[in-house]
**Q** 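Please read through the structure below; I'll follow up with questions.
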Amino acid sequence: KANNSDLKTVALRPHLIWGPGDRHLAPRLIERAKAGRLRLVGSKDNKVDSCYIDNAVQAHLLAADCLQSVDSICAGKAYFISNDEPLTMTNLINKILAAAELPSVTKTLNANTAYYIGVIFECIYRLFNIKQEPLMTRFVARQLSTSHWFDLSAAKHDLAYQPAISIDEGMKRLKQSFET
């Protein structure tokens, strides 16, 4: 709605950004794996998209360039951004763990059980005014147990977006970042 002739806007929606310097996805997985508290939630075959950090940056630069043009085909639009390589959540998590030289996670937790654990944790944290993030939330339970990958054809067409770094190459770079 903010897009107009005075201010061109574009919304990018990169999904599950990871890579060197990540302070969210990989560190949380690694911390929980090391503590023995990491579980696969729900079915092991739910597919998800993720986005290597350099590809997210590339999409932002392409969008900025597009907004500079007079006709600005991307202005006022939203685009999903990912590596365009959907993996099962199990595979994605275990690739990140392998990059950190940790064993694969095999323990599972039923999706409904995880959801209700999230409800309980959220209530306890709210009741006792705990400021940290709960170990499980309803949102996280749903995200971990639900397939979600996206059609990138609009970003490919309008922004000329093509992921430059594959998941496998990104995992090599992630591993290198852990070694330094």
**Q** Is it true that atom CZ of F178 has more than 12 heavy atoms of other residues, nucleotides or ligands lying nearer than 6.0 Å?
**A**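 Yes, because the 6.0 Å sphere around CZ of F178 holds more than 12 heavy atoms from other groups.
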**Q** With a 4.5 Å heavy-atom cut-off, do L159 and C74 have their side chains touching?
**A**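 Counting from C-beta outward, L159 and C74 do come under 4.5 Å.
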**Q** Do the side chains of Q143 and V41 get nearer than 4.5 Å, heavy atoms only?
**A**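 SC-SC contact between V41 and Q143 ruled out.
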**Q** To the nearest 0.5 Å, what is the distance between CG (D22) and CZ (R28)?
**A**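 Separation between the atoms: 9.0 Å.
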**Q** Would you check if M171 and L92 make a side-chain contact, meaning some heavy-atom pair closer than 4.5 Å?
**A**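 The answer is yes, as the side chains (C-beta and beyond) meet within the 4.5 Å cut-off.
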**Q** Would you call N46 and T146 a side-chain contact if the rule is heavy atoms closer than 4.5 Å?
**A**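 Result no, sub-4.5 Å side-chain heavy-atom pair not found.
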**Q** Check the pair D84, S82 against side chain to side chain donor-acceptor pair (under 3.5 Å), reporting the backbone distance first and the verdict last.
**A** CA-CA 5 Å; D84 203 20; S82 76; 5.0 Å; no
**Q** I'd like to know if I165 and I53 are part of one continuous hydrophobic network [Ile/Leu/Val/Met/Phe/Trp/Tyr, side-chain heavy atoms within less than 4.5 Å].
**A**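 Yes: a chain of side-chain contacts under 4.5 Å links I53 to I165.
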**Q** Is there a side chain to side chain donor-acceptor pair (under 3.5 Å) between K131 and N129? Walk through the geometry before answering.
**A** CA-CA 6 Å; K131 299 296 181 194; N129 200 26; 3.0 Å; yes
**Q** Minimum heavy-atom separation for P14 to H60, with atom names?
**A**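 For P14 versus H60, the nearest heavy atoms are CG-CE1, 4.5 Å.
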**Q** Return the CD1 to CD distance between I117 and E122, rounded to the nearest 0.5 Å.
**A**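 If I round to the nearest 0.5 Å, the distance is 12.0 Å.
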**Q** What about L67 and V57, same hydrophobic cluster or not, with Ile/Leu/Val/Met/Phe/Trp/Tyr joined at side-chain heavy-atom distances under 4.5 Å?
**A**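 Different clusters.
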**Q** Give the intermediate values and the outcome of side-chain contact (heavy atoms from CB on, under 4.5 Å) for residues Y52 and I167.
**A** CA-CA 7 Å; Y52 183 69; I167 287 179; over 6 Å; no
**Q** Looking at every non-hydrogen atom in both residues, tell me the closest pair between K8 and V70 and how far apart they are.
**A**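 That closest heavy-atom pairing would be NZ-O, 3.8 Å.
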**Q** Measure the spacing between CH2 of W18 and CG of N55 and express it to the nearest 0.5 Å.
**A**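 Interatomic distance, W18 CH2 to N55 CG, rounded to 0.5 Å: 8.5 Å.
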**Q** Taking atom NE2 of H157 as the centre, report whether more than 12 heavy atoms of other residues, nucleotides or ligands fall under 6.0 Å from it.
**A**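 At most 12 heavy atoms, drawn from other residues, nucleotides or ligands, come within 6.0 Å of this atom.
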**Q** To the closest 0.5 Å, what do you measure between OG (S166) and CD (E85)?
**A**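 Taking OG in S166 and CD in E85, the distance rounds to 5.5 Å.
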**Q** Which heavy-atom pair separates Q162 from Q58 by the least distance, and what is that distance?
**A**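 Where Q162 meets Q58 most closely, the heavy atoms are O-NE2, 3.0 Å.
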**Q** Check M89 against V48 and note the closest heavy-atom contact, atom names and distance.
**A**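 Scanning both residues, the minimum pair turns out to be CE-CG1, 3.5 Å.
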**Q** Around atom NZ of K34, are there more than 12 heavy atoms of other residues, nucleotides or ligands at under 6.0 Å?
**A**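 Open.
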**Q** With heavy-atom distances below 4.5 Å as the criterion, would you say the side chains of R39 and T108 are in contact?
**A**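 Result no, sub-4.5 Å side-chain heavy-atom pair not found.
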**Q** Could you state whether V140 and Y115 fall into the same hydrophobic cluster, counting links through intermediate Ile, Leu, Val, Met, Phe, Trp or Tyr residues with side-chain heavy atoms under 4.5 angstrom apart?
**A**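 No, because V140 and Y115 fall into different hydrophobic clusters, even though each may have its own neighbours under 4.5 Å.
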**Q** Establish whether I17 and L152 are linked, either directly or via other cluster members, by ILVMFWY side-chain heavy-atom contacts under 4.5 Å.
**A**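 Result: no, two separate clusters.
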**Q** Which distance, rounded to the nearest 0.5 Å, do you find between the OG1 of T88 and the CG of L40?
**A**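 Going from OG1 on T88 over to CG on L40, the span is 9.0 Å.
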**Q** How many angstroms lie between atom CG of L29 and atom CG of L102, to the nearest 0.5 angstrom?
**A**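 Spacing of CG (L29) from CG (L102) equals 10.0 Å.
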**Q** Angle class for the F150/F80 ring planes (parallel below 30°, perpendicular above 60°, tilted otherwise)?
**A**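 The arrangement is parallel - the two ring planes meet at less than 30°.
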**Q** Is there a donor-acceptor contact under 3.5 Å from the side chain of S69 to the main chain of C66?
**A**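 It does hold such a pair.
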**Q** Honestly curious: do V119 and F121 fall in one hydrophobic cluster under the side-chain, below-4.5 Å linking rule?
**A**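 No, it is not one cluster - the side chains of V119 and F121 are not joined through contacts under 4.5 Å.
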**Q** Show the numbers, then the answer: is there a side-chain contact (heavy atoms from CB on, under 4.5 Å) between L97 and L38?
**A** CA-CA 11 Å; L97 295 177; L38 186 60; 3.8 Å; yes
**Q** Indicate the atoms forming the closest heavy-atom contact of D49 with H15, along with that distance.
**A**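 So the two residues come closest at O-ND1, 2.8 Å.
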**Q** Output yes when a side-chain donor or acceptor of S145 lies under 3.5 Å from a complementary backbone atom of A141, and no otherwise.
**A**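 Flag set: sc S145 to bb A141 pair under 3.5 Å.
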**Q** Determine the minimum heavy-atom distance between T106 and K44, stating which atoms define it.
**A**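 The pair with the smallest heavy-atom distance is O-NZ, 3.8 Å.
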